[in-house]
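Since the structure comes first, as structure tokens, the remarks are kept for the end.
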Amino acid sequence: MWHVVPAGLTVIFHDVNVLTEKLFPIVEAMQKHFSAGSGTYYSDSIFFLSVAMHRIMPKEITRIIQVDLDLKYKTNIRDLFEEFDNFQEGAVIGIAREMQPVYRHTFWQYRRENPQTKVGEPPPDGLPGFNSGVLLLNLEAMRQSKLYNQLLEPAMVQKLTEKYHFKGHLGDQDFFTMIGMEHPELFHVLDCTWNRQLCTWWKDHGYSDVFDQYFQCEGEVKIYHGNCNTPIPED
């Protein structure tokens with residue numbers, strides 16, 4: 001992993017093994033709820049890096065943009081950094097909505113027990129969950145937020161996974177989605193054009209009737225996200 005410090009344009013490389021060693025004690029308890037396998041594997045911790053970035057990065061690092069590799073930028077990344085200025089009080093993370101009915105599926109039991117819920121419903125009024133392909137992490141706000149750090153505690157993770165009958169496999173994205181159902185005030189929701197996801201897997205796996213309600217995105221795309229190996233449009 002690397003990050004750029006704007007003032008000095010310094011590139012710093014981080015050893016994945018060292019980061020994992022720091023991460024594992026923090027995220028071990030949540031891995032069983034948000035990982036593909038049935039066990040808790042040391043190597044899986046790196047998929048939860050963003051969740052505890054504020055605990056392992058030096059204090060002088062106050063804001064970070066974390067992105068997936070399968071992206072294509074159509075605008076200056078500096079414009080995305082300016083989104084930090086739009087965070088409301090209490091918000092610690094900037095993230096876009098998930099653009100498939102992934103969480104309509106994952107929350108099926110909670111939705112059945114709560115037929116009037118907005119959980120898993122499509123935008124603009126529903127809560128479709130988040131996609132972690134583009135993340136704005138206000139590390140200073142994360143460090144200062146008593147609420148966010150309480151939600152990292154194993155007992156709180158267990159409580160929420162039981163409430164929502166949640167078992168995911170997408171790492172940090174699942175954690176952010178789950179706590180976002182309970183505490184949306186922790187998140188600044190990025191416009192879909194900042195993370196225009198292209199994967200259509202769920203359209204062909206039981207959700208064709210509602211798929212377009214999740215997948216639509218108006219406006220000029222700033223970042224394309226070729227998730228699930230989807231080709232990104234050529235210029």
Find out whether [X] and [Y] are in side-chain contact, i.e. whether some heavy atom of one side chain is under 4.5 Å from a heavy atom of the other.
X: Ile65; Y: Leu137; result: no
X: Arg196; Y: Lys72; result: no
X: Thr117; Y: Met181; result: no
X: His225; Y: Leu198; result: no
X: Thr230; Y: Thr200; result: no
X: Ile93; Y: Asn138; result: no
X: Val157; Y: Leu152; result: no
X: Val67; Y: Leu135; result: no

Practice prompt. Identify the residue among Val27, Ile26, Leu139 that makes a side-chain contact (heavy atoms from CB on, under 4.5 Å) with Arg55.
Written response: Ile26
Fill in: From Asn195, Val51, Asp172, residue fulfilling side-chain contact (heavy atoms from CB on, under 4.5 Å) relative to Ser132
Asp172
Return yes if some donor-acceptor pair links the side-chain N/O of [X] with the main-chain N/O of [Y] below 3.5 Å, else return no.
X: Ser35; Y: Gln31; answer: yes
X: Gln197; Y: Arg97; answer: yes
X: Asn114; Y: Gln116; answer: no
X: Arg143; Y: His54; answer: yes
X: His205; Y: Trp201; answer: yes
X: Gln100; Y: Trp202; answer: yes
X: Asp68; Y: Asp70; answer: no
X: Ser145; Y: Met142; answer: no
X: Glu140; Y: Thr62; answer: no
X: Asp174; Y: Lys167; answer: no

[X] with [Y], same ILVMFWY side-chain cluster at under 4.5 Å:
X: Phe107; Y: Phe176; result: yes
X: Leu170; Y: Phe187; result: yes
X: Tyr73; Y: Leu136; result: yes
X: Leu80; Y: Met99; result: no
X: Trp108; Y: Val119; result: no

Measure across [X] and [Y] and return the closest heavy-atom pair with its distance rounded to 0.1 Å.
X: Pro101; Y: Tyr214; result: CB-CE1, 3.7 Å
X: Pro128; Y: Tyr103; result: O-CD1, 3.4 Å
X: Leu71; Y: Gly133; result: CD1-O, 3.8 Å
X: Phe130; Y: Thr177; result: N-OG1, 2.9 Å
X: Ala141; Y: Ala91; result: CB-O, 4.0 Å

Item to complete: Would you check, one step at a time, whether the test side-chain contact (heavy atoms from CB on, under 4.5 Å) holds for Val11 with Phe13?
Response: CA-CA 7 Å; Val11 179; Phe13 291 88; 3.8 Å; yes
Between atom [atom1] of [X] and atom [atom2] of [Y], what is the distance when rounded to the nearest 0.5 Å?
X: Glu153; Y: Met30; atom1: CD; atom2: CE; value: 9.5 Å
X: Gln150; Y: His183; atom1: CD; atom2: NE2; value: 8.5 Å
X: Ile12; Y: His14; atom1: CD1; atom2: NE2; value: 5.5 Å
X: Glu82; Y: Ile77; atom1: CD; atom2: CD1; value: 11.0 Å

Within 6.0 Å of [atom1] in [X], more than 12 heavy atoms from elsewhere:
X: Asn229; atom1: CG; value: no
X: Lys118; atom1: NZ; value: no
X: Glu218; atom1: CD; value: no
X: Glu220; atom1: CD; value: no

Item to complete: Indicate the ring-plane relationship of Phe166 and Phe34, choosing parallel, tilted or perpendicular according to the 30° and 60° boundaries.
Response: perpendicular
Worksheet item: What orientation do Phe81 and Phe84 show, parallel under 30°, tilted 30 to 60°, or perpendicular over 60°?
Response: perpendicular
Worksheet item: Taking 4.0 angstrom as the limit, do Lys163 and Glu182 come out as a salt bridge?
Response: yes
Discussion item. Between Glu121 and Arg111, does any NZ, NE, NH1 or NH2 come within less than 4.0 Å of an OD or OE carboxylate oxygen?
Written reply: yes
Worksheet item: Can you tell which of Thr75, Asp79, Thr193, Asn76 makes a side-chain hydrogen bond (donor to acceptor under 3.5 Å, both in side chains) with Lys222?
Response: Thr193
Can the ring centres of [X] and [Y] be said to be less than 6.0 Å apart?
X: Phe215; Y: Phe211; answer: yes
X: Phe48; Y: Phe175; answer: no
X: Tyr110; Y: His165; answer: no

For [X] and [Y], test the side chains for any donor-to-acceptor distance below 3.5 angstrom and give the result as yes or no.
X: Tyr207; Y: Gln213; answer: no
X: Glu98; Y: Asn131; answer: yes
X: Gln88; Y: His188; answer: no

Item to complete: Would you please test Leu19 and Ile56 for side-chain contact (heavy atoms from CB on, under 4.5 Å) and show each step?
Response: CA-CA 7 Å; Leu19 289 179; Ile56 64 175; 3.8 Å; yes
